[in-house]
Amino acid sequence: MNGPTPTGKMKFIAVAIILCAGYFCETAFAHPRGEWTKLILTQHWPQTFCSVNKCTTNLSYWTLHGLWPNTGMRCNTSWHFNTSLIEDLIPEMKEYWPDLLAPSSPEFWKYEWTKHGTCAAKAESLNSEHKYFSKALELYRKYDLNSVLKNNQIVPSEENYTLDQVETAITNYYGVKTKIQCVHPGKGGQVQTLGQIEICVDRDFQLIDCEKSTKEIWSNDIPAVLVSGQSDLSVCDHSMPVYYPPVPSRS
């Protein structure tokens with residue numbers, strides 16, 4: 001079978017050049033394949049976490065779960081976590097990024113570095129263990145979820161909230177859509193429990209919407225957390241009241 005004529009080849013090249021002059025090539029080559037375009041600053045409510053995972057904590061503020069690129073996991077398993085490289089950050093990490101299951105252990109940080117940090121490190125701005133953890137702490141302080149909720153009268157309480165109340169408080173402050181996750185009740189349950197909130201930033205660490213689109217695959221959604229009588233942690237339901245559990249009082 002004969003190949004394309006010289007004229008046909010020239011037409012193909014001309015079309016390719018036209019496409020690359022516009023949106024197609026800008027989108028295709030803006031970031032090398034496999035590099036992330038979004039970071040997910042994820043914070044969880046300690047009381048909800050411990051109710052699911054059978055632990056005990058007196059923490060009364062939102063703590064870091066992680067800083068997750070929107071693509072890739074365990075990008076370099078040979079890049080081992082080294083606590084000595086973040087020694088100056090440890091006091092702050094113990095306070096704001098604690099391992100709620102094993103407070104004296106660095107295993108949680110090791111896990112987050114191996115699974116997510118080694119992928120975030122594809123960007124020059126995060127290409128070291130110290131850069132990754134210090135940036136997560138910086139974003140945690142900068143976007144200060146604890147104050148945003150408190151200043152909008154969304155505080156832990158035995159009284160339930162509507163999801164609209166929580167969502168409006170957050171969206172009005174940040175100006176973007178976050179992802180609010182709850183632990184949903186088992187069959188017949190009437191109330192969902194506020195558990196985790198994700199705030200998204202671009203490669204320049206500027207706020208952007210977290211809302212999923214049909215064209216985007218989020219590989220970093222946390223695995224389902226299953227407990228007796230409760231289903232997994234997932235996006236909160238607008239039709240159901242939201243319980244924001246307070247710290248249990250000491251008897």
Side-chain angles (χ1 to χ4, degrees), residues 38-68 89-103 108-109 111-112 116 132-184 191-201 205 207-210 220-223 225 230 232-236 241-249:
K38 182 182 297 185
L39 285 172
I40 307 161
L41 181 72
T42 308
Q43 299 172 61
H44 51 197
W45 181 240
Q47 299 306 318
T48 302
F49 177 90
C50 279
S51 72
V52 170
N53 291 282
K54 311 304 179 187
C55 56
T56 302
T57 179
N58 290 319
L59 293 180
S60 59
Y61 52 87
W62 289 77
T63 61
L64 277 165
H65 183 166
L67 183 63
W68 306 338
L89 302 176
I90 295 298
E92 199 172 5
M93 289 179 65
K94 284 183 175 180
E95 184 173 2
Y96 300 123
W97 201 336
D99 184 338
L100 297 171
L101 295 174
F108 182 33
W109 305 330
Y111 175 83
E112 289 295 313
H116 301 295
Y132 171 72
F133 285 106
S134 62
K135 178 58 71 173
L137 290 167
E138 177 190 327
L139 294 174
Y140 173 86
R141 292 189 302 268
K142 179 178 180 179
Y143 295 122
D144 196 5
L145 178 61
N146 290 286
S147 293
V148 170
L149 293 172
K150 184 177 180 180
N151 292 341
N152 284 277
Q153 289 73 55
I154 306 295
V155 296
S157 172
E158 294 299 339
E159 298 293 326
N160 297 327
Y161 296 93
T162 65
L163 180 56
D164 280 340
Q165 287 176 302
V166 180
E167 208 167 49
T168 298
I170 294 172
T171 303
N172 283 351
Y173 183 83
Y174 294 125
V176 295
K177 294 179 181 178
T178 59
K179 183 177 175 185
I180 305 172
Q181 296 174 309
C182 291
V183 175
H184 296 268
V191 179
Q192 59 192 338
T193 303
L194 186 61
Q196 183 162 276
I197 296 176
E198 298 177 0
I199 301 169
C200 296
V201 297
F205 310 111
L207 290 170
I208 53 176
D209 287 341
C210 285
N220 288 306
D221 283 349
I222 67 166
V225 180
Q230 294 176 318
D232 55 327
L233 184 67
S234 59
V235 175
C236 300
V242 176
Y243 176 51
Y244 185 5
V247 177
S249 58

Heavy-atom count check: over 12 atoms from other residues, nucleotides or ligands less than 6.0 Å from Tyr173 OH?
no
So how far is it from Gln47 CD to Thr57 OG1, rounded to the nearest 0.5 Å?
6.0 Å
Using a 4.5 Å cut-off on heavy atoms from C-beta on, say whether the side chain of Trp68 contacts that of Leu39.
no
Could you pull out the closest heavy-atom pair between Leu59 and Val247, with the gap in Å?
O-CG2, 3.5 Å
Is the backbone of Thr63 close enough, under 3.5 Å, to the side chain of Glu95 for a donor and an acceptor to pair up by distance?
no
Could you give the distance from CG (Leu100) to CZ (Phe49), rounded to the nearest 0.5 Å?
5.5 Å
Derivation of the side-chain contact (heavy atoms from CB on, under 4.5 Å) call for Leu67 and Leu139:
CA-CA 9 Å; Leu67 183 63; Leu139 294 174; 4.0 Å; yes
Minimum-distance pair of heavy atoms, taken over all atoms of Lys94 and Pro98
O-CB, 3.4 Å
Will you find, in the side chains of His65 and Gln196, an N or O donor that is under 3.5 Å from an N or O acceptor?
yes
Ring pair (Phe, Tyr, Trp, His ring centres under 6.0 Å) filter on Tyr140, not counting sequence neighbours, yields Tyr96
Taking only residues at least two apart or on different chains, which pairs with a member in residues 153-172 satisfy ring pair (Phe, Tyr, Trp, His ring centres under 6.0 Å)?
none
Closest approach of Leu137 to Leu64 (non-hydrogen atoms, all atoms of both residues)
CD2-CD1, 4.0 Å
Within the side chain of Gln181, is there an N or O that forms a donor-acceptor pair under 3.5 Å with the backbone of His44?
no
Is any side-chain heavy atom of Ile199 closer than 4.5 Å to a side-chain heavy atom of Gln43?
yes
What closest approach, in Å, do Ile180 and Glu167 show between heavy atoms, and which atom pair accounts for it?
CD1-CA, 3.8 Å
Are Trp97 and Glu92 linked by a side-chain donor-acceptor pair shorter than 3.5 Å?
no
Return the minimal non-hydrogen interatomic distance between Glu198 and Cys210, and the atom names on each side.
O-SG, 3.5 Å
Ring centroid separation for Trp45 and Tyr244, is it under 6.0 angstrom?
yes
Could you check whether Glu158 and Tyr243, counting side-chain N and O atoms only, form a donor-acceptor pair closer than 3.5 Å?
yes
Between Val191 and Val242, the two heavy atoms sitting closest are CG1-C, 4.4 Å
Going from CD1 on Ile197 to CD1 on Ile40, what distance comes out if it is rounded to the nearest 0.5 angstrom?
14.5 Å
What's the separation between atom CG in Leu149 and atom CD1 in Ile170, rounded to the nearest 0.5 Å?
5.0 Å
Pair Val183-Thr48, side-chain contact (heavy atoms from CB on, under 4.5 Å): steps then yes or no
CA-CA 8 Å; Val183 175; Thr48 302; 3.8 Å; yes
Donor-acceptor pair, distance only, cut-off 3.5 Å: does the side chain of Asp209 make one with the backbone of Lys177?
yes
Reported CZ-to-NZ distance for the pair Phe205 and Lys142, which is rounded to 0.5 angstrom:
9.5 Å
Sub-3.5 Å donor-acceptor pair from the side chain of Asp99 to the main-chain atoms of Leu101, do we have one?
yes
Within this structure, what is the CG-SG distance for the pair Leu207 and Cys200, rounded to the nearest 0.5 Å?
9.0 Å
Residues in side chain to side chain contact (heavy atoms under 4.5 Å, CB included) contact with Asp144, at least two apart in sequence or another chain:
Asn146, Ser147
